[in-house]
Trainee: 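Here it is, the structure, as structure tokens.
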Amino acid sequence: MTHNDIQDVVAVAGVGSTGYTRRTGRTARALAAEAAVAAIADAGLTREDIDGVISSAGMGSWLLCPPGAAEMVAMLRLPGVTWFADGAPVMVSPIVDAMNAIHAGVCDTVLVYHYNFRSPFNSRALAEDPFRRAVRAYDDLPPERPRNAVAYAAWAGRFLQENHVERTQLGRIAVNSRTNAADNPLAAMRVPLTMEQYLDARLVREPLGMYDMDLPVDGAEAFVLTRVDRARDMPHPPVLVHAAVQGLVETAGDEEQLPSLARHGQDVVSEQLWKRSARGLGDVDLAYVYDGFTVITLSWFQKLGWCGPGEVSGFLDQHWVPDQGRLLIDGRIPVNRQGGMLSEGGSQGAGFVRDAVHQLRGTAGPRQVVGARTALCAIGGFFYNSQAMVLVNDEGTR
């Protein structure tokens with residue numbers, strides 16, 4: 001194992017969530033502040049205890065009245081902050097920043113928050129909202145420029161062809177997420193989805209359709225991180241960050257320049273994650289595998305080692321439970337138990353982290369996965385934002 005000096009040193013001690021909806025009628029500031037206040041209270045702390053703050057915003061959300069870290073300090077009237085920053089949009093990145101700040105000793109207790117605020121570029125209805133319609137995000141991209149969703153459609157077509165995958169396997173990812181969202185009160189989409197409905201939905205750009213792309217939502221998540229020895233004195237059992245990794249390759253900034261899907265950011269993450277972790281796939285009890293586009297999930301399964309190149313279709317056949325409409329790896333490991341980005345809401349992985357924390361500390365209520373000790377969160381896509389982390393409960397780490 002590669003030396004990992006920060007393994008099991010920093011813990012998540014508090015969580016807060018607004019839940020997700022298609023339209024709240026509230027501002028991004030209000031959502032982020034509500035989640036932040038809830039996380040601080042969940043940790044049994046007050047504003048005087050927070051000395052670090054880092055923000056994270058969903059794709060495009062920062063363009064709409066963004067509450068950055070300095071503004072959050074002002075909104076919550078935090079009196080003694082010694083470190084603050086505005087992080088990247090995908091959720092592992094700001095957690096890594098917070099861990100490093102705590103480990104370096106520049107602060108002791110960090111508030112990490114992420115908010116999503118739907119913008120007009122992905123909603124005609126929101127173009128009528130006077131608080132949002134002035135923002136023209138991504139309007140400068142020509143229709144055929146292979147970036148963002150267009151790029152993922154092109155790469156999805158190549159992935160399906162090279163790995164001998166039928167579109168119904170993408171549909172299983174969408175159906176699984178909707179099934180898991182059904183009992184999650186924080187999810188935006190809870191009505192069951194069938195394979196027939198998935199296949200009948202209109203294509204946006206072949207092979208991706210309406211149910212293959214993450215759901216734009218309003219909502220926010222927040223987390224309080226501190227050293228594990230301090231977290232053990234707080235109200236809830238601490239959830240430890242066992243390993244956390246980000247990965248890039250040389251073409252990370254140009255999606256259209258990646259020569260193939262043979263090696264990209266997911267490969268770097270997968271290689272380094274298992275080198276830095278004392279736990280492996282056999283220890284995982286909860287799998288949160290990014291479904292911002294359904295094809296990303298299939299790629300992660302192969303890159304993480306659950307199956308080899310070209311084997312993902314057989315892997316899904318083996319672990320699909322038809323009468324439940326969900327994936328259960330080896331009959332026991334749920335995938336995206338809170339509904340994923342496709343059904344809970346496109347939170348850039350923040351919803352994964354919140355649900356993993358609740359599951360590992362035993363506060364998931366009727367949705368609790370009994371005996372869960374290790375969660376794998378594989379977040380982000382192929383290109384500039386691949387990242388993952390292993391979260392563990394406090395049993396056996398002392």
Side-chain angles (χ1 to χ4, degrees), residues 8 11-17 19-20 42 91-92 95 172-187 189-190 192 221 223 231 235-244 273 277-291 297 300-301 304-306 315-316 318-345 347 349-379 388-397:
D8 299 336
V12 181
V15 293
S17 179
Y20 295 97
D42 186 63
M91 200 57 224
V92 174
I95 289 178
R172 282 178 168 173
I173 303 303
V175 171
N176 172 77
S177 290
R178 188 64 65 85
T179 299
N180 286 332
D183 61 357
N184 177 9
L186 301 179
M189 303 291 282
R190 301 176 62 187
E221 306 280 356
F223 309 91
H236 298 289
V239 172
L240 285 56
V241 184
H242 182 70
L273 184 71
S277 174
R279 304 193 186 189
L281 279 179
D283 299 303
V284 172
D285 302 304
L286 300 155
Y288 298 90
V289 187
Y290 199 64
D291 57 346
T297 316
W300 271 121
F301 284 142
L304 287 165
W306 263 307
F315 172 81
L316 293 173
Q318 179 183 354
H319 300 289
W320 183 252
V321 184
D323 59 335
Q324 297 183 32
R326 61 162 48 101
L327 283 166
L328 281 176
I329 300 174
D330 295 332
R332 68 176 188 88
I333 306 170
V335 177
N336 302 345
R337 183 61 187 88
Q338 65 7 310
M341 307 297 99
L342 293 171
S343 290
E344 182 183 66
S347 65
F352 284 169
V353 178
R354 181 211 67 246
D355 196 65
V357 170
H358 278 298
Q359 293 285 354
L360 293 174
R361 72 185 195 182
T363 55
R367 302 173 46 259
Q368 182 68 48
V369 176
V370 177
R373 298 180 64 246
T374 304
L376 169 63
C377 298
I379 303 172
M389 63 182 176
V390 175
L391 299 174
V392 301
N393 68 10
D394 200 22
E395 295 178 16
T397 61

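Just so it is clear, the structure is predicted and the values come from calculations on it, not from any experiment.
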Trainee: Taking the side chain as every heavy atom from C-beta outward, state whether V175 and W320 have any atom pair closer than 4.5 Å.
Mentor: yes
Trainee: Using only heavy-atom distances, determine whether the side chains of T374 and D283 contain a donor-acceptor pair under 3.5 Å.
Mentor: no
Trainee: Which pair of heavy atoms, one from L186 and one from S17, lies closest together, and at what distance?
Mentor: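 Answer, listing the atom of L186 first, then S17: CD1-OG, 3.8 Å.
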Trainee: Check whether any side-chain heavy atom of P238 sits under 4.5 Å from a side-chain heavy atom of D394, and report yes or no.
Mentor: yes
Trainee: Calculate, to the nearest 0.5 Å, the distance between atoms NE2 and CG belonging to H242 and L273 respectively.
Mentor: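 H242 atom NE2 to L273 atom CG measures 8.5 Å (nearest 0.5 Å).
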Trainee: Starting at NE2 of H319, measure out to CD1 of I333 and round the result to the nearest 0.5 Å.
Mentor: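 These two atoms lie 8.5 Å from each other.
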Trainee: Can you check whether R190 reaches P185 side chain to side chain, under 4.5 Å on heavy atoms?
Mentor: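 R190 reaches P185 side chain to side chain.
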Trainee: Working to the nearest 0.5 angstrom, can you tell me the gap between L286 CG and R373 CZ?
Mentor: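 The distance works out to 12.0 Å.
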Trainee: Closest heavy-atom contact between V289 and W306?
Mentor: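 Closest approach of V289 to W306: CG2-CZ3, 4.4 Å.
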Trainee: Do T297 and N176 have side chains that approach each other closer than 4.5 Å (heavy atoms only, starting at C-beta)?
Mentor: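 T297 vs N176: side chains apart.
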Trainee: List the steps and the verdict of side-chain contact (heavy atoms from CB on, under 4.5 Å) for V241 and L391.
Mentor: CA-CA 5 Å; V241 184; L391 299 174; 3.9 Å; yes
Trainee: Apply side-chain contact (heavy atoms from CB on, under 4.5 Å) to the pair E221 and V353, showing each step before the final yes or no.
Mentor: CA-CA 9 Å; E221 306 280 356; V353 178; over 6 Å; no
Trainee: Starting from the C-alpha separation in whole Å, work towards a yes-or-no answer on side-chain contact (heavy atoms from CB on, under 4.5 Å) for L376 and W300.
Mentor: CA-CA 12 Å; L376 169 63; W300 271 121; over 6 Å; no
Trainee: Which residues pass the ring-ring contact (aromatic ring centres under 6.0 Å, His included) test with Y288, sequence neighbours left out?
Mentor: F352
Trainee: Could you tell me which non-hydrogen atom of N180 sits nearest to which non-hydrogen atom of V335, and how far apart they are?
Mentor: ND2-O, 2.9 Å
Trainee: Nearest 0.5 angstrom please: D285 CG to L360 CG, how far?
Mentor: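 Rounded to the nearest 0.5 Å, the CG-CG separation comes out at 8.0 Å.
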Trainee: What residues form a salt bridge (Lys or Arg N to Asp or Glu O under 4.0 Å) with R361, not counting sequence neighbours?
Mentor: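 Once residues adjacent in sequence are excluded, the partners of R361 under the salt bridge (Lys or Arg N to Asp or Glu O under 4.0 Å) criterion are D42.
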Trainee: Specify the closest pair of heavy atoms between A181 and E344, including all atoms of both residues, with the distance to one decimal.
Mentor: CB-N, 4.4 Å
Trainee: How far apart are the closest heavy atoms of Q368 and Q359, and which atoms are they?
Mentor: NE2-O, 2.8 Å
Trainee: Between CG of N336 and CG of L327, what distance do you get to the nearest 0.5 Å?
Mentor: 9.0 Å
Trainee: What pairs with D355 under salt bridge (Lys or Arg N to Asp or Glu O under 4.0 Å), at least two apart in sequence or on another chain?
Mentor: R367
Trainee: Could you work out, with side-chain hydrogen bond (donor to acceptor under 3.5 Å, both in side chains) as the rule, every residue matching Q324, not counting sequence neighbours?
Mentor: R326
Trainee: Grab the two heavy atoms, one from L342 and one from A174, that are nearest each other, plus how far apart they are.
Mentor: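 Reported closest heavy-atom pair: CD1-CA, 3.8 Å.
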Trainee: With rounding to the nearest 0.5 Å, note down the distance linking CG in D291 to OG in S343.
Mentor: 8.0 Å
Trainee: Listed by chain and number, what are the ring-ring contact (aromatic ring centres under 6.0 Å, His included) partners of H358, not counting sequence neighbours?
Mentor: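 Scan of H358 (ring-ring contact (aromatic ring centres under 6.0 Å, His included), adjacent residues dropped) gives none.
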Trainee: Return the set of residues passing side-chain hydrogen bond (donor to acceptor under 3.5 Å, both in side chains) with D183 (not counting sequence neighbours), or none when no residue passes.
Mentor: R337
